[in-house]
There are 2 protein chains.
Amino acid sequence: MSSLRAKFGKQLRRIRKRRDLTQEQLAEIVDVSPEFISNVERGINAPSFETLEKLAEALRVAIKDFFDYDHET
Amino acid sequence: MSSLRAKFGKQLRRIRKRRDLTQEQLAEIVDVSPEFISNVERGINAPSFETLEKLAEALRVAIKDFFDYDHET
DNA sequence: AAATTCCACGAAGTTAAACTTCAAGTTCTT
DNA sequence: AAGAACTTGAAGTTTAACTTCGTGGAATTT
């Protein structure tokens, strides 16, 4: 039972890799620092509502996909 | 096409009403001001990641439910 | 009709979460 | 081995998240 941030981060990483993007590339599209992406993926930081929106757009997924944890342990 | 904030707000309101809570009651549970709930429901403000989590918990829904807009008018 | 409840709305402010930079180190891939 | 991708910590800045206060409106309820 990891935190929501952690789950969210894992999901973000999964989706990013599926799209074959590096943290740096995603960071540039979304206009945040690569370290911030790294921190979000590791559950250390969380995105703002606006950044959440941009992430979804950049990765071409619905926002709810970031919060869909049905396949989880 | 309304903004994500607006859609989110509408959904929040729907779910809150389904639970038969006033803005004030929800605000108290989630530990924010009632005006803030009002603003979020009207798409003026957006919650932080933490507040999002608390909203889901208070209303006993999954976070993705806030972002599920399939049945939209 | 007046009192109560619930909510809208604006203005103006504060706070904390979101986000940055830099620098050094690690792991992965080729 | 070398480069690319990522981690991590520390210490800082910025801005979105959130507050308070005051007024007012619409819909009950007494």
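In the text below, chain A, chain B and the rest are named by the order of the sequence lines, each starting its count at 1. Only this structure's heavy atoms are used, side chains among them; waters, hydrogens and symmetry mates stay out.
In this structure, CD1 of A/Ile44 is placed 9 Å from P of D/dT7, rounded to the nearest angstrom. Atom CD of A/Glu41 is separated from atom P of D/dT8 by 12 Å (rounded to the nearest Å). Remark: P of D/dC6 and CG of A/Asn39 are 13 Å apart, rounded to the nearest angstrom. Across the protein-nucleic acid pair, B/Phe49 atom CZ and D/dC18 atom P stand 13 Å apart, rounded to whole Å. The distance from atom CG of A/Leu52 to atom P of D/dT15 is 20 Å, rounded to the nearest whole Å. Summarising the geometry, the separation between CG on B/Leu55 and C1' on D/dA17 is reported as 13 Å, rounded to the nearest angstrom. For the pair A/Arg42 CZ and D/dA5 C1', the interatomic distance rounds to 13 Å; values are reported in whole Å.
Running 5' to 3' along DNA chain C, contacts with non-hydrogen atoms of chain A at under 4.0 Å begin and end at C/dA18 to C/dA23.
Other residues, nucleotides and ligands place more than 12 heavy atoms under 6.0 Å from the CD atom of A/Gln25. Annotation for B/Glu24: atom CD does not count as buried by contact number, only 12 or fewer foreign heavy atoms lying within 6.0 Å. Within 6.0 Å of CD on B/Glu28 lie no more than 12 heavy atoms contributed by other residues, nucleotides or ligands.
Side chain of A/Gln11 to main chain of A/Asp68: a donor-acceptor pair is present (N/O by atom type, distance under 3.5 Å, no hydrogens or angles).
Taking the six-membered ring for Trp and the full ring otherwise, B/Phe49 and A/Phe8 have centroids separated by under 6.0 Å.
The shortest distance between side-chain heavy atoms of B/Tyr69 and A/Ile63 does not fall below 4.5 Å. Within the 4.5 Å cutoff, the side chain of B/Leu52 has heavy atoms near those of the B/Phe67 side chain. Counting only heavy atoms from C-beta outward, the side chains of B/Leu55 and B/Leu26 approach each other to under 4.5 Å.
Inter-axis angle, ends of the helix from C/dA1-D/dT30 to C/dT30-D/dA1, five pairs per end, rounded to 10 degrees: 60°.
Closest heavy-atom contact between A/Ala27 and A/Ser33: CB-C, 3.8 Å. Contact record, A/Gln23 with A/Ser38: OE1-CB, 3.5 Å, taken as the closest heavy-atom pair. Smallest separation of non-hydrogen atoms from B/Glu41 and B/Leu12: CG-CD2, 3.9 Å.
Under the side chain to side chain contact (heavy atoms under 4.5 Å, CB included) criterion, A/Glu50 pairs with A/Ser48, A/Lys54, sequence neighbours left out. Under the side chain to side chain contact (heavy atoms under 4.5 Å, CB included) criterion, A/Arg19 pairs with A/Leu21, A/Leu59, A/Arg60, sequence neighbours left out.
Contacts between residues 29-36 of chain B and DNA chain C, defined by a heavy-atom separation below 4.0 Å, involve B/Glu35, listed by number. Heavy-atom distances under 4.0 Å link DNA chain C to no residue of residues 16-28 of chain A.
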